[in-house]
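These notes concern the structure reproduced below.
In what follows, chains are A, B, ... by sequence order, proteins preceding strands, each numbered from 1. Every heavy atom of this structure was used, including side-chain atoms; hydrogens, water molecules and symmetry mates were not.
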Amino acid sequence: AQSVTQLDSHVSVSEGTPVLLRCNYSSSYSPSLFWYVQHPNKGLQLLLKYTSAATLVKGINGFEAEFKKSETSFHLTKPSAHMSDAAEYFCVVSGNTGNQFYFGTGTSLTVIP
Amino acid sequence: DTGVSQDPRHKITKRGQNVTFRCDPISEHNRLYWYRQTLGQGPEFLTYFQNEAQLEKSRLLSDRFSAERPKGSFSTLEIQRTEQGDSAMYLCASSRTGQPQHFGDGTRLSIL
């Protein structure tokens with residue numbers, strides 16, 4: 001069975017400092033992994049995806065994530081937080097058919113001015 | 001690319017009433033998904049269409065829920081005899097095969 005664990009429900013950083021949002025996954029095969037961002041009362045926007053190519057994936061808005069199979073992790077990072085980054089972030093793993101997607105419970109990012 | 005559109009954005013109804021939501025996917029996207037998201041949780045998969053065929057349904061989708069995509073374009077999600085526990089955000093997403101999903105802004109359902 002596939003599952004995703006987001007290790008922090010809330011992360012708070014100062015503007016201009018690095019961001020680290022942690023995600024571990026469980027899968028019996030080689031999954032596709034995604035990070036989405038959700039601003040209040042909005043749908044989800046894709047930040048980046050991993051689909052078995054390069055293990056370091058670059059996304060939009062300066063975010064990137066590294067797939068580490070040995071650690072079953074797919075942590076999201078950004079070198080310097082911006083106020084506009086404050087939102088809810090979801091780590092997502094695909095099901096074995098590629099048709100279902102399993103979301104983590106989300107990490108709320110607060111950026112302090 | 002006009003994005004995924006959902007209507008209405010908000011729906012307030014009394015318990016026991018039926019409600020129907022509509023989703024217009026990005027044109028030429030053959031796949032369409034419905035999710036439910038409750039407060040403080042990630043979206044939970046409900047069902048998925050490839051063109052007009054409903055290929056997968058979650059166990060979350062009780063017999064009070066029905067979804068259709070009659071012409072392989074827009075989709076509707078109907079909830080019959082609504083219950084308090086149905087209060088949630090209902091999200092629609094669409095994609096091309098093998099590509100990431102694009103989400104709409106959702107329909108927030110409140111049951112009085």
Checking A:Phe101 against chain B: side chain, backbone, both or neither under 4.5 Å from a heavy atom? both
With chain B as the partner, which of A:Gly43, A:Cys91, A:Ser94 has the greatest number of non-hydrogen pairs under 4.5 Å? A:Gly43
Donor-acceptor pair, side chain of B:Ser75 and main chain of B:Glu68, under 3.5 angstrom: yes
Part of A:Tyr36 within contact of chain B (heavy atom distance under 4.5 Å): side chain
What class does the angle between the rings of B:Phe103 and A:Phe103 fall in, given that below 30° is parallel, 30 to 60° is tilted and above 60° is perpendicular? perpendicular
Measure B:Glu44 against the heavy atoms of chain A and call it side chain, backbone, both or neither at under 4.5 Å. neither
What option among B:Ala93, B:Gly40, B:Gly104 has the most heavy-atom pairs under 4.5 Å with chain A? B:Gly104
Distance alone, cut at 3.5 Å: any donor-acceptor contact between the side chains of B:Thr97 and B:Asn30? yes
With a 4.5 angstrom heavy-atom cut-off, could you sort out which part of B:Gln41 is near chain A: side chain, backbone, both or neither? both
Is it the side chain or the backbone of A:Leu46 that comes within 4.5 Å of chain B heavy atoms, both, or neither? side chain
Take the angle between the ring planes of B:Tyr35 and B:Tyr33 and call it parallel below 30°, perpendicular above 60°, tilted in between. parallel
Tell me which of these, B:Gly42, B:Ser58, B:Gly106, has more heavy-atom pairs under 4.5 Å with chain A than the rest. B:Gly42
Using a cut-off of under 4.5 Å for heavy-atom pairs, which of A:Lys49, A:His39, A:Gln100 has the most such pairs with chain B? A:Gln100
Engaged part of A:Gln6 at the chain B interface, taking heavy atoms whose separation is under 4.5 Å: neither
Does either side chain, that of B:Arg31 or that of B:Gln50, offer a donor lying less than 3.5 Å from an acceptor on the other one? yes
Quick one: are A:Val92 and A:Val4 in side-chain contact, heavy atoms under 4.5 Å? no
Output for pair (B:Ser110 OG, B:Lys14 NZ), nearest 0.5 Å, gives 15.0 Å
